Amino acid sequence: MLDAKLLRKDPEKVRSALTARQADISLIDRFAKIDQKWRALTFEADELKKKRNEYSEKVGQLKRSGSDASSLMEETRGIGDKIKGLEEEIRKIEEELNEVILYLPNLPHATVPAGSDSTQNKEIKKWGSPKQFAFKPKAHDEIGTGLGILDFDRAAKLSGSRFVVYRGMGSALERALINFMLDVHTKEHGYTEIMAPVLVNRECMVGTGQLPKFEEEMFKLKDDPFYLIPTAEVSVTNLHREEILPADKLPMKYCCYSLCFRREAGSYGKDVKGLIRQHQFNKVELVKFCDPAVSYDEHEKLTADAEQILQKLGLPYRVMALCAGDLGFSSAKTYDLEVWFPSEGKYREISSCSNFEDFQARRANIRFKKAGGKPEFVHTLNGSGLAVGRTFAAILENYQREDGRVDVPDALKPYLQKDLI
RNA sequence: GGAGGAGUACCCAAGUGGUUUAAGGGGGCAGUUUGCUAAACUGUUAGGGGCUUUGCCCGCGUGGGUUCAAAUCCCACCUCCUCCGCCA
């Protein structure tokens, strides 16, 4: 969430920043109006409370000295009733305020390219070169089905579309990828491994910015107050919700394997085949909590850590800086890693690495304190390191042979004990 | 699911309706003393919001309620502990 003080002090700055990312700027004026009302009413209530405290004190003194306090008590009761009325009003206004401030997206960082949609994202790096196939490369779902390691038909029997069953070497490859990614991040990049709940409460979802705006994109339980996480970012970032972290512990770096669940409402007909867009998928997520002064350095490093997985797997990719109009709701700056898919002849997103600055920290109240200093909000960052299903798909496509079999990338041979699938 | 018990600040803990503006201790920080360390002594130490900022309001797990006045009384909920039942 945005800093209320900034919204009061410099609404024009917010207006221009949010215009750049095509957000609803009418919320800014609504905020000003409601906020002003809130300030006036809370001030009035505070003044009355002061009076009530003074009068109650006097009642106590009178009673102790044996005097009659009934008229003062009567008057104080009136003040109390007024306070109650005001507080009822304030509660309503706070709800209105939340309706506005929780729906305002983050401001793009100065280095974010201008643009209104994904066509204006900027390529800033390319690694590896797509392999030239002597035959027409097949799509990953065709390869996987052909090898008997992916079974979409039976998954549909269990759960419907956008689900998959991994079988035999398919299951082993998925598991190997998870272990490989976790090993690299923990042993080479210094992240602490986390395994966390995939069912979380509403506060968590608000803390990282999925709610209240994106309710219809989340799976939620009917009989219990839980949501299924769309990414481990939710569980891991909320680990430190309502905490003040010691400054010397920063940056805190976590990696977490989890299942992720997405309703994919509104993406009917998009990527209906294959592993690309599933309701349930595996992902290894990287999350950092850091001092605002270094968050953009940490962002570059986190992106490089995610890139390492692609490099070790020998998968060609490019790094895209998302333009302002394509940024996610909570993000101030995002790099997407896009991996090469030979069957489509194009790069597709496999990781999204974002700096949220203090946007999530403010919602989730995650702060840090330097010795002798005041608590400040941390900056939170995260990125996929990587989406496992999409990595699986990319390996099948990039390492396929003409006979439909797939070479195992060198980095995975120790995990699979095989050269060929 | 059932029956009990507990939740006070960085930690331990006192406090069952009114000088409690949350006692006391530990720890931390600052200072005095000291060749250095320790000890002793003194001071200080939860976080947050607002404004008409020498101040005021909020604050004792969370949210309501009772009362002139709530850490204290009432209701609901949350978390942890003990036991019973069920369970991978």
Side-chain angles (χ1 to χ4, degrees), chain A residues 1-11 31-98 100-102 195-207 220-221 223-227 235 238-250 252 259 289 358-378:
Chain A
M1 121 181 115
L2 299 179
D3 186 359
K5 280 191 199 126
L6 176 69
L7 279 162
R8 279 173 203 138
K9 210 182 69 202
D10 200 352
F31 170 84
K33 225 164 144 184
I34 301 166
D35 181 56
Q36 197 177 23
K37 212 153 118 199
W38 179 82
R39 283 156 81 183
L41 288 175
T42 46
F43 179 74
E44 195 184 343
D46 280 1
E47 291 296 296
L48 286 172
K49 281 179 190 168
K50 181 184 176 184
K51 209 162 166 191
R52 181 178 64 180
N53 289 345
E54 286 165 2
Y55 284 17
S56 298
E57 177 71 33
K58 258 183 232 159
V59 169
Q61 281 167 10
L62 287 173
K63 287 203 163 184
R64 247 174 280 130
S65 67
S67 316
D68 174 45
S70 53
S71 71
L72 193 55
M73 279 165 65
E74 184 59 36
E75 195 178 343
T76 312
R77 195 197 333 260
I79 296 173
D81 291 343
K82 256 192 231 165
I83 292 172
K84 221 168 270 181
L86 279 172
E87 282 184 336
E88 182 58 34
E89 224 177 313
I90 289 167
R91 235 193 317 269
K92 278 187 202 143
I93 288 176
E94 279 174 349
E95 268 170 45
E96 281 180 55
L97 212 50
N98 277 341
V100 174
I101 200 156
L102 290 177
M195 234 183 238
V198 296
L199 289 176
V200 301
N201 58 33
R202 187 179 169 86
E203 286 71 44
C204 291
M205 299 291 267
V206 172
K220 69 177 166 209
L221 302 202
D223 294 324
D224 294 284
F226 293 128
Y227 290 81
S235 310
N238 279 284
L239 282 179
H240 294 300
R241 182 154 51 88
E242 308 288 341
E243 286 187 25
I244 298 175
L245 309 168
D248 59 11
K249 289 268 163 52
L250 302 181
M252 295 175 104
L259 277 167
F289 301 82
D358 63 6
F359 188 85
Q360 293 180 327
R362 207 176 283 283
R363 287 174 162 241
N365 198 22
I366 308 167
R367 292 169 295 175
F368 75 106
K369 189 154 77 165
K370 293 177 189 149
K374 286 208 147 209
E376 297 173 58
F377 291 111
V378 297

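Please read these numbers as outputs of a predicted model, since none were measured by experiment. Order of the sequence lines fixes the chain letters, A, B, ..., with proteins taken first and strands second; residue numbering starts at 1 for each chain.
- Mapping A/Asp46 and A/Arg8 onto RNA chain B by nearest heavy atom places A/Arg8 at the nucleotide closer to the 5' end.
- Classification of A/Asp46 and A/Lys50 as a salt-bridged pair fails, no side-chain N sitting under 4.0 Å from a carboxylate O.
- To the nearest 0.5 Å, the span separating NZ on A/Lys92 from CG on A/Leu97 amounts to 15.5 Å.
- Comparing the C1' positions of B/rA22 and B/rA70 gives a spacing of 13 Å, expressed to the nearest Å.
- Between A/Glu87 and A/Lys84 there is no salt bridge, since no side-chain N of the basic residue sits under 4.0 Å from a carboxylate O of the acidic one.
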Using a cutoff of under 3.5 Å, can you pull out all pairs of nitrogen or oxygen atoms linking the protein to nucleotides 45-48 of chain B, with atom names and distances?
residue	atom	partner	partner atom	Å
B/rG47	O3'	A/Arg367	NH1	3.4
B/rG48	OP1	A/Arg367	NH1	3.2

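- Taking a pair as Watson-Crick or G-U wobble with both distances under 3.5 Å, the runs of three or more consecutive pairs in RNA chain B are B:1-7 with B:78-84, B:10-12 with B:24-26, B:27-32 with B:40-45, B:61-65 with B:73-77.
- Remark: A/Lys51 does not engage A/Glu54 in a salt bridge, criterion side-chain N to carboxylate O under 4.0 Å.
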Distances under 3.5 Å between nitrogen or oxygen atoms of protein and nucleotides 64-72 of chain B:
residue	atom	partner	partner atom	Å
B/rG64	OP1	A/Arg91	NH1	3.2
B/rU66	OP2	A/Lys84	NZ	2.7
B/rC68	OP1	A/Arg77	NH1	2.8
B/rC68	OP2	A/Arg77	NH1	2.9
B/rC68	O4'	A/Met73	O	3.3
B/rC68	O2'	A/Ser56	OG	3.1
B/rC68	N4	A/Lys63	NZ	3.2
B/rA69	O4'	A/Ser56	OG	3.1

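- Legend: residues meeting side chain to side chain contact (heavy atoms under 4.5 Å, CB included) with A/Lys82, ordered by chain and number and at least two apart, are A/Leu48.
- Comparing the C1' positions of B/rG49 and B/rU44 gives a spacing of 24 Å, expressed to the nearest Å.
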Expected rows: protein N/O vs nucleotides 74-76 of chain B N/O, under 3.5 Å:
none

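- A salt bridge is defined here as a Lys NZ or Arg NE, NH1 or NH2 lying under 4.0 Å from an Asp or Glu carboxylate O, and A/Glu242 with A/Arg367 fails to meet this definition.
- A sub-4.0 Å separation between OP1 or OP2 of B/rC51 and a side-chain N or O of A/Arg39 is present.
- Between B/rG85 and B/rA3, the two C1' atoms lie 11 Å apart (nearest whole Å).
- Taking atom C1' in both B/rA71 and B/rG27, the straight-line distance is 24 Å, to the nearest Å.
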Set out, line by line, the N/O atom pairs under 3.5 Å between protein and nucleotides 52-55 of chain B.
none

